[in-house]
Amino acid sequence: MTLFAWLSSILVAVIVLTVTAFGLWWERKLAGRMQSRLGPTIVGPIGLFQPIADLLKLVQKEPIIPQRADRALFWLAPPLTTLFALLVAALVPFGPKLAPANIDVGVPLIIALGGLALIPVWMAGWASHNKYALLGAMRAVAQSVSYGVPLVLTALVPVILAGSMNLNSIVAWQHRHHWLVVWPVFLGLPAFILFILAMLAEANRIPFDIPEAESELVAGVSTEYTGMHFGFIYLAEYVHTLVGSAVASTLFLGGWDGPFGPSVLWMVLKTCLLFSVLYWLRWSLVRLRADQLMALAWKWLVPAGLALVLLAAVWTQTPWGR
Amino acid sequence: MTFTATMIVFALVGALAFVGSIFTVRSSKLVHAVLWLGVTLGMTAILFVQLGAPFLAGIQLLLYVGGVMTLMIFGVLLTKRDGDSELKTEEPSRERGALIALAVFAVLAGTIWLGRDALQRTAVPSLGTGWLGTSLLTRHLVAFEALSALLLAAMIGAIVIARRRDPDQPSEPKES
Amino acid sequence: MTLTTCLILSAALFSVGLYGLLTRRHAVGILLSIEVMANAANLNFVAFAHYGGASWGQAFALFVLGLTVAEVAIGLALVMLLFRSHKDVLVDLANAFKH
Amino acid sequence: MTTPMWALIAVFAPLASALLLAVLAPIRRRGGLAAAVSITFALASLVGAIFAVIGTLHAGGSDWTRSWLASGGALPLSVTFGVHVDGVSAPMLAVVALVATCVQLFSTGYLDDESSASRGRYFAYQSLFLFSMQLLVAAPNLLQLFFGWEIVGATSYLLIGYWYKKPSAARAAVKAFWVTKFADMGLLIGLVALFGFTGSFEWTAQLAPAAATAVTLLFVLAVMGKSAQFPLHVWLPDAMEGPTPVSALLHAATMVAAGVYLVVRAQPLFAQAPFTQHFLAYLGAGTALFAALLALVQTDLKRVLAYSTCSQLGYMLAALGAGSAFAGFFHLTTHAFFKALLFLAAGSVIHAVGSNEMSKMGGLWKKMPLTMLVFIAGAFSLAGFPGFAGFFSKDLIIDSLSEHHLWAPYAALLLGAFLTALYMGRAILLTFFGPHESHEAEHAHEPGWSMKLPLIVLALLSVGAGFFGGDLWHLASLTDYVHGVYHFRFGAVASVLALSGFVVAWVAWGKTREEPALARSLAAFANRAWVDRLYVFGYRAGLLLVSDVAAWIDRYIVDALVNVVGSFFLLGARRARRLQTGNVQDYLFAMSLGAIALAVWSIWR
């Protein structure tokens, strides 16, 4: 790896973590406004330092390990969740040159790493030796396996259209074709929506957050965790959603491509916008039941994804798809 | 012989893969074994990248680590007895297994040693993922189609085998 | 990193997998061992593809991936069946042929 | 848009609709919506086909093909997939799409008392059927045609068995499937043979005379199944268990026409096999006469039409056997119109009366004047009444047979023409005239517009399509004996035959609904089940005989040997039994030992 690659990966990590930190604040503000209250206001100007205060609080707390827990896995799992979530970020290009790992098989690798993030979650649930944690872990696994299929299928749509699995090439193709959701819109838009749905489910977010449904499972996987360990799991979820938004922006919304100005700005802007939309969804939708969740994946998303892949393949054979 | 970064990475990753495989077969907790298998497969994926097959690495992670491992986890948990999945292997069969494994390794290593001259090859640059895809749909078309038929058959077969039978039909085989 | 070291590593992984195959009693453990062995075979394919002479090695590695996935699906289905009929998944329970 | 692009729309629009209905269950379950989707896409197909015809008229045929299944290795295989538009396929695309659109529209009215989910299923099948038929018609080679052919068979199974809860319908569907699948083996084997001989699936391939005869005879087997020729016609009358619009689409206009279309398409191959052509001429003429006789004694209105279809397909194949591809093709198109019309009109009657039996009808002309008019138009066209569409095409066929001096088929077809008029006259008289025979018939009334509209469209075409024969001739440019001239030498004879047929029908059934003695004895002789019984008898006797012999040999010769050999193994196995521990890993251990030994031996030998 060259020095430049190291630098850009550090830069991307910094971007991601900063945005995540302020994403926390932004979400609470947004949620507050949606529910006719103010959200955090005390710490810092308009409560801007609230996430930092939260972090300090978490670090100070005592880590508690249940007696019959699997100690090694219990310790290992939370940092791994955050690590895997961050790994994906290393593959997303934040500019034409600003991609820590600009490799030719970006799309499968991103999806694979996103799927990997599930394993530490499951580890955490299993290691806790708590039935709610285990149930949450099992739900997460089932959900992730089911939604991985439509995720791959919808990500294939831009891959087929652009004829490349390199994320930078996909963005360049979208630049030539005025973004994917704009043209061809009948392929890009449904694929985008399906991708967002599947991505939300992979990240266990509302309306697909049955693995940690607090009304049934206490807190699911994170039931037994305290202190910074809990913080890692909590953080991983946010990083996951953020990186998911970044990937969706790259695959469908033109990525770093913008009419003027630096490319990083556009990428961050699009990602944050999508991120906010996901918050909006989170605070306005209700949770699905487990069976509804599976039905949605297998009866709707998978057939629709298959149809989209087929259509995309046909489209490339038409005169307009060249 | 100079040590390059590639060699160091290979040594590390290879060692981890080997250690992972050892723990996969020896770990007394089956869940740990599954996770160690994940380590082995992930390390192999890194080796694939080193060997000029990044696409295979991605597929390996996606399919094996993401898919097969989760299935295994399901397999372990759905068949767990009374909360513990700790199963000791039978002691007598251990020596036998070690013997056979060592013998196989000896034969393989011996063969490699005998053919060491023919194996002195230099790396060729990979033909790329595009070439791989094209070859799958031209040269290896029949094998590719056969594989898809196999996967379909496996899917249907797995569903049929694992489906719960009607409760009024006894599925217990008669003990003789 | 040469072809020889790759092959030695692969042989080692294969032998370890075989060991597991011969000593595990839990059906899922046996499946895991098989995965290790298939993985070793794949390493061979890719190594030969990389070091010239067998450009289709990667294609074969892909086929092996597909095959093992099918095998795992069927294997786990059989494990479920075994569990349902014997309330356990030790393979030496499935010895009805003996009687 | 180029011509092949339009043809692509014609082929793939129905597929889009079928996929839509198959994948999106909420649309399918809402029957009306499903019907709207299906009809819209069928209309798109029709528009595409019409533009394809126009393009072909202006600029001639063209192809759009993509290489598919190009595999290297020891057996180089290269198959193209796409659309082949020329003067034959383009009009056929249009005919199929038109009839299908009419039938689908008609079905919305006909099936209005079905549940909406099951109507949705019906329209999904209909779309799939239309796609498969268009795929077959537009095929650039015989392999794609075979695909279309098979999907057509599968969807016809689904459509015949649409009322799957009715045992007779389910049985009929299975019967149709079996008989046609049996015949399809001929096509499959023929294709493999063709590929073996020439390495391609093109219908323009050049073959040695013997090979050409073999391949085309195998094709004829498939044609006999699909186009319901004697003795494989047995499935067609039973297939009338399906809804009547299905009968109109499948068993009149399109599916059974696939066989004839195959022969038209593969004309270059058939031209290399004179024996097959002669066989085809005699087969077609024989079936035409035989089925016409059977049609005369049916009491079920749909069965009359079914046997009439058999008979007319016989005409087409006879023409093709005489080497007159155009005559057969022309009759194929006109027949598609008037037979679909007849079936739909019959459907309208059946919908009103609630029964297929003509003995329950009668006197309907007062209640359903429009239906009667269009039915009579269709019947006149079928019987070859001068000026109607069938008149032109049928005369061309009869003419072509005399041109080629095939006198026996010629005579059979002339007699068949007379019988056609006779049985159609009987059907009209029994259905629409005389007293009301049932309570329902008294209270019958005209159907709604969704059913009337297709009837009127098809009636206009049945009356007028014949006048466009010359244009079709120019468009199709098939090899034929008519070199640029469209003439009728025997028009007069056929007209007289048709008229006399109607007159005789009037004499026999005009006053009374009693069957004349002649017809009764004919019915006894040519019982519908006769061929079926022959099958059952042949099957039973043949199979039982063979299996008795086989059983004896098996019991006293094979088994004895086996027992002697087996006892050795039994003795040995008692000793070897202890090796069988039932534990997989023990076997694996032994296997590994063997593998190691083999490896060591192969290295250090």
Side-chain angles (χ1 to χ4, degrees), chain B residues 6-7 10 14 18 21-22 24-25 30 33-34 37 40-41 44 47-48 51-53 56 59 63 68 71-72 75-76 79 81 87 89-90 93-94 96-98 100-101 104-105 108-109 112 116 119 121 123-124 127 132 135-136 140 143 147 150-151 154-155 157-158 161-162 171-173 176, chain C residues 1 3-9 11-20 22-26 28-29 31-33 35-36 39 42-43 46-47 49-53 55-56 58-59 61-63 65-70 72-74 76-81 83-85 88-90 96 99:
Chain B
T6 324
M7 290 175 72
F10 177 80
F18 183 69
S21 70
I22 293 275
T24 307
V25 299
L30 211 47
V34 174
L37 176 70
T40 303
L41 297 172
T44 316
L47 288 183
F48 283 173
L51 290 170
L56 267 176
I59 296 299
L63 214 62
V68 171
L71 276 181
M72 292 286 192
V76 174
T79 57
R81 281 184 315 168
L87 292 162
T89 53
E90 263 183 345
S93 67
R94 239 193 222 176
R96 193 178 69 177
I100 286 286
V104 165
F105 181 71
L108 290 175
I112 295 167
R116 63 190 179 282
L119 294 176
R121 301 206 178 196
V124 290
L127 291 168
L132 182 60
S135 82
L136 278 183
H140 306 297
L147 183 68
L150 172 90
L151 284 174
M155 188 175 80
I161 292 171
S171 62
E172 304 269 338
S176 60
Chain C
M1 189 176 76
L3 183 53
T4 317
T5 53
C6 283
L7 293 187
I8 292 284
L9 176 63
L13 288 178
F14 188 84
S15 309
V16 172
L18 186 60
Y19 171 81
L22 284 169
T23 54
R24 282 275 186 204
R25 288 173 71 222
H26 195 284
V28 178
L31 283 178
L32 293 178
S33 309
E35 291 304 310
V36 172
N39 191 48
N42 252 355
L43 191 57
V46 177
H50 185 56
Y51 288 102
S55 55
W56 56 85
Q58 290 195 19
L62 268 182
F63 290 141
L65 280 174
L67 284 174
T68 45
V69 168
V72 166
I74 293 288
L76 282 175
L78 289 174
V79 170
M80 294 290 155
L81 205 62
F83 181 72
R84 209 172 294 142
S85 58
D88 206 335
V89 284
L90 303 181
H99 305 291

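Just so we're on the same page: letters track the sequence lines, and every chain starts at 1. Since the model is a prediction, treat every value here as computed from it, not as a measurement.
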- request: Determine the option with the most heavy-atom pairs under 4.5 angstrom with chain C, choosing from B:Val104, B:Leu63, B:Leu56.
  value: B:Leu56

message: side-chain contact (heavy atoms from CB on, under 4.5 Å) for B:Leu47 and B:Phe10? Distances and angles first, verdict last.
response: CA-CA 7 Å; B:Leu47 288 183; B:Phe10 177 80; 3.5 Å; yes

query: Who passes side chain to side chain donor-acceptor pair (under 3.5 Å) against B:Ser21, sequence neighbours left out?
result: none

- line: Turns out that what part of C:Phe14 lies under 4.5 Å from chain B's heavy atoms comes down to side chain

task: Heavy-atom pairs under 4.5 Å with chain B are the metric here; pick the option from C:Leu32, C:Val72, C:Leu9 that has the most.
output: C:Leu32

message: I need the residue from B:Ala109, B:Ala101, B:Gly157 with the largest number of non-hydrogen atom pairs under 4.5 Å to chain C.
response: B:Ala101

task: Go through C:Asn39, C:Val36, C:Ile8 and name the one with the most non-hydrogen pairs under 4.5 angstrom from chain B.
output: C:Asn39

task: Check each atom of B:Ile112 against the heavy atoms of chain C and say whether the ones under 4.5 Å are side chain, backbone, both or neither.
output: side chain

Interface residue of largest heavy-atom contact number with chain B, from C:Ala47, C:Ala12, C:Ala61, under 4.5 Å: C:Ala12

- request: Measure the spacing between CG of C:Leu78 and CG of C:Leu31 and express it to the nearest 0.5 Å.
  value: 8.5 Å

- prompt: Is there a side-chain contact between C:Tyr51 and B:Leu51, using heavy atoms and a 4.5 Å cut-off?
  reply: yes

- request: Determine the minimum heavy-atom distance between C:Ser15 and B:Phe105, stating which atoms define it.
  value: OG-CB, 3.1 Å

message: According to side chain to side chain donor-acceptor pair (under 3.5 Å), who are the partners of C:Thr68, at least two apart in sequence or on a separate chain?
response: B:Tyr64

- prompt: Any idea which of C:Ser33, C:Gly17, C:Ala70 has the most non-hydrogen atom pairs under 4.5 angstrom with chain B?
  reply: C:Ala70

- prompt: If you count heavy-atom pairs under 4.5 Å with chain B, which of C:Thr4, C:Leu18, C:Leu65 comes out on top?
  reply: C:Leu65

query: Got B:Met72 and B:Val68 here, is their nearest side-chain heavy-atom distance under 4.5 Å?
result: yes

